[in-house]
Number of protein chains: 2
Amino acid sequence: MTKADSPSHEDLMKLDNFLCFAIYSTNHAFTRVYKPLLDELDLTYPQYLVMVVLWEKDDQTVGSLGERLFLESSTLTPMLKRLEAMGYISRVRDRADERQVRVKLTESGRALREKAENVPRGIANATGMKPAELVRLKQEIATLRTSLLR
Amino acid sequence: MTKADSPSHEDLMKLDNFLCFAIYSTNHAFTRVYKPLLDELDLTYPQYLVMVVLWEKDDQTVGSLGERLFLESSTLTPMLKRLEAMGYISRVRDRADERQVRVKLTESGRALREKAENVPRGIANATGMKPAELVRLKQEIATLRTSLLR
DNA sequence: ATAAAATAAATCGTTCGCGATCTAATCGCA
DNA sequence: TGCGATTAGATCGCGAACGATTTATTTTAT
């Protein structure tokens, strides 16, 4: 492919040229890097993301967690039940609107935050990127996500 | 956070500052964008990636597919069985080394390639990015993946 | 005031993805 | 040559993830 041409079907059909595959495989890579760090907290990677959202703002509905994480209730409900079984959160129907379930941190869930404090640095480290670069790349990808969901 | 400081724990603990979450959620966004395009081919997104690898190079072992896609045999074996059941590939033990399974496209699997020809452009379009940008971003993320797996 | 529409979460069935383990085949080397 | 180590896939159990559907509640419109 020369500079002036638009990419050919041939080029577009190569896995290594897929932006989506770069994302897909890097996502798996992150999961692997997180594994040993999160094992100590007894959390899976998606469970950890839920906890991060709750540490940021406690007492949220399933719906608001889903909006924040881009997940459906069919994904969250079972996950939240697991976190509840582990004692990190409580799930209670909202008295004012019984359709909603309010998800709150337990004492144990709040306490976990301290244990998780050093996780982000461990991850940032594994990327081998400088903080500023990292922020820029993150922002570019978030923008891409917005385009895709539009 | 001022320019001179390194990021605080507080900052690092916010979901929106997580590079990994940008990747995680953008991966899901890609899956959603692919869905309607791949429905016409009766393929899931991961199945499509397997087909792309085979269209690039036919007759590979489970191991080489896994190396290419960063997937384990425990993931691939069931997927390949589904693709076989759909008639797109065949799985045959290698006569020279019976430990290996050779995965080959069927006539139908090769034919599918034409139907899939316009998928990449549809996706590229949905990103709203120019080809050159897209290549650069893809490369940055692939480099990140390499760092993470190191 | 009540029936219809909308909303929130849960449930079900299917596919992915992994780690741990198992089985079968091949290799290495004494 | 033969037996222990290695390798390649397959299997199993578990946790995501989604779409489609269901159930329960609330809102709206008549």
Side-chain angles (χ1 to χ4, degrees), chain A residues 20-21 23-36 38-39 41-51 60-86 89 91-103 149, chain B residues 20-21 23-36 38-39 42-51 60-67 69-86 89 91-103 149:
Chain A
C20 67
F21 176 67
I23 299 265
Y24 168 88
S25 50
T26 304
N27 184 47
H28 293 164
F30 264 120
T31 303
R32 273 164 230 181
V33 173
Y34 266 108
K35 182 85 171 52
L38 295 182
D39 275 352
L41 312 182
D42 264 312
L43 291 175
T44 65
Y45 173 46
Q47 285 167 5
Y48 169 70
L49 295 178
V50 170
M51 294 303 288
Q60 298 199 50
T61 64
V62 174
S64 70
L65 292 175
E67 214 169 295
R68 200 85 179 72
L69 294 162
F70 303 94
L71 295 175
E72 305 296 318
S73 74
S74 48
T75 301
L76 278 170
T77 297
M79 265 181 63
L80 294 172
K81 284 185 176 176
R82 277 176 217 116
L83 288 171
E84 186 178 38
M86 287 188 282
I89 63 165
R91 295 160 58 248
V92 184
R93 287 275 163 192
D94 189 315
R95 288 263 254 326
D97 182 345
E98 292 271 348
R99 288 173 304 181
Q100 299 187 120
V101 166
R102 306 221 63 97
V103 180
L149 295 179
Chain B
C20 67
F21 177 66
I23 299 263
Y24 168 88
S25 51
T26 303
N27 184 47
H28 293 164
F30 263 120
T31 304
R32 275 164 227 180
V33 173
Y34 266 108
K35 181 83 170 52
L38 295 181
D39 275 351
D42 264 312
L43 291 175
T44 65
Y45 173 46
Q47 285 166 5
Y48 169 70
L49 294 178
V50 170
M51 293 303 289
Q60 300 198 49
T61 65
V62 174
S64 69
L65 292 175
E67 213 169 296
L69 293 163
F70 303 94
L71 295 175
E72 306 297 318
S73 75
S74 47
T75 300
L76 277 170
T77 299
M79 264 181 64
L80 294 171
K81 283 185 176 177
R82 278 176 217 115
L83 288 170
E84 186 179 39
M86 289 190 280
I89 63 165
R91 297 162 55 249
V92 184
R93 287 274 163 196
D94 189 315
R95 286 261 255 324
D97 183 346
E98 293 271 349
R99 288 173 304 181
Q100 300 186 121
V101 165
R102 306 221 62 97
V103 180
L149 295 178

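Computed from a predicted model, the values in this text were never measured in an experiment.
We find that CG of A:L83 is positioned 12 Å from C1' of D:dA16, with the value rounded to whole Å. For B:Y34 and D:dG19, the OH to P distance is 17 Å, given to the nearest whole Å. Per the geometry, CD belonging to A:E84 stands 14 Å off C1' belonging to C:dA9, to the nearest Å. Taking atom CE of B:M79 as the reference point, atom P of C:dC16 lies 5 Å away to the nearest angstrom. When the C1' atom of C:dC18 is taken as reference, atom CG of B:L69 falls 15 Å away, rounded to whole Å. What separates CD of A:E98 from P of D:dT27 is a distance of 12 Å, to the nearest Å. Counting to the nearest Å, the C1' atom of D:dT25 and the CZ atom of A:R95 are 16 Å from each other. Between B:E72 atom CD and D:dC12 atom C1' there is a gap of 15 Å when expressed in whole angstrom units.
Side-chain nitrogen and oxygen atoms of B:K35 include none within less than 4.0 Å of the OP1 or OP2 phosphate oxygen of C:dT15. Taking only side-chain nitrogens and oxygens, A:Q100 never comes nearer than 4.0 Å to OP1 or OP2 of D:dT25. In this model, the phosphate group of D:dA10 is approached by a side-chain N or O of B:T77 to a distance below 4.0 Å at OP1 or OP2. Note on A:T31: every side-chain N or O is 4.0 Å or more away from OP1 and OP2 of C:dC18. Side-chain N/O atoms of A:Y24 include none lying less than 4.0 angstrom from OP1 or OP2 on C:dC16.
A donor-acceptor contact under 3.5 angstrom links the side-chain atoms of A:S73 to the base of C:dA10. Checked by distance alone, A:S74 brings a side-chain donor or acceptor within 3.5 Å of a matching partner on the base of D:dG19. No hydrogens or angles were tested; on distance alone, nothing pairs the side chain of A:T44 with the base of D:dG15 as donor and acceptor under 3.5 Å.
The side chain of A:V101 lies closest to C:dA10, out of C:dA10, D:dT27, C:dA24. Proximity note for A:T75 (side chain, C-beta onward) versus D:dA16, D:dA8, C:dC16: the nearest is D:dA16.
Heavy-atom minimum distance, B:L76 versus B:V62: CD1-O, 3.6 Å.
Comparing B:L76 and A:R82 by the nucleotide of DNA chain D that holds the closest heavy atom to each, the one mapping nearer the 5' end is B:L76. Between B:Q47 and A:G63, the residue anchored closer to the 5' end of DNA chain C is A:G63, taking for each the nucleotide with the nearest heavy atom. When each of A:R32 and A:R93 is assigned the nucleotide of DNA chain C bearing its nearest heavy atom, the one mapping closer to the 5' terminus is A:R93. Of the residues near DNA chain D, B:H28 and B:T61, the one whose nearest nucleotide (by heavy atom distance) lies more toward the 5' end is B:T61.
Backbone-only engagement by B:R91 is indicated by non-hydrogen atom pairs under 4.0 Å involving sugar-phosphate atoms exclusively. Residue B:L71 is classed as a sugar-phosphate contact, given heavy-atom separations below 4.0 Å to backbone atoms only.
A:Y48 and A:Y34 have their aromatic ring centers within a separation under 6.0 angstrom.
Here the straight-line distance linking atom CG of A:L49 with atom CZ of A:R68 works out to 11.0 Å at 0.5 Å rounding.
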Requested in this report: Test side chain to side chain contact (heavy atoms under 4.5 Å, CB included) on B:T61 and B:D94 and set out the steps.
Outcome: CA-CA 9 Å; B:T61 65; B:D94 189 315; 5.7 Å; no

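In this structure, B:E67 places its CD atom where only 12 or fewer heavy-atom neighbours from other residues, nucleotides or ligands lie under 6.0 Å away.
Side chain of B:R93 to main chain of B:E98: a donor-acceptor pair is present (N/O by atom type, distance under 3.5 Å, no hydrogens or angles).
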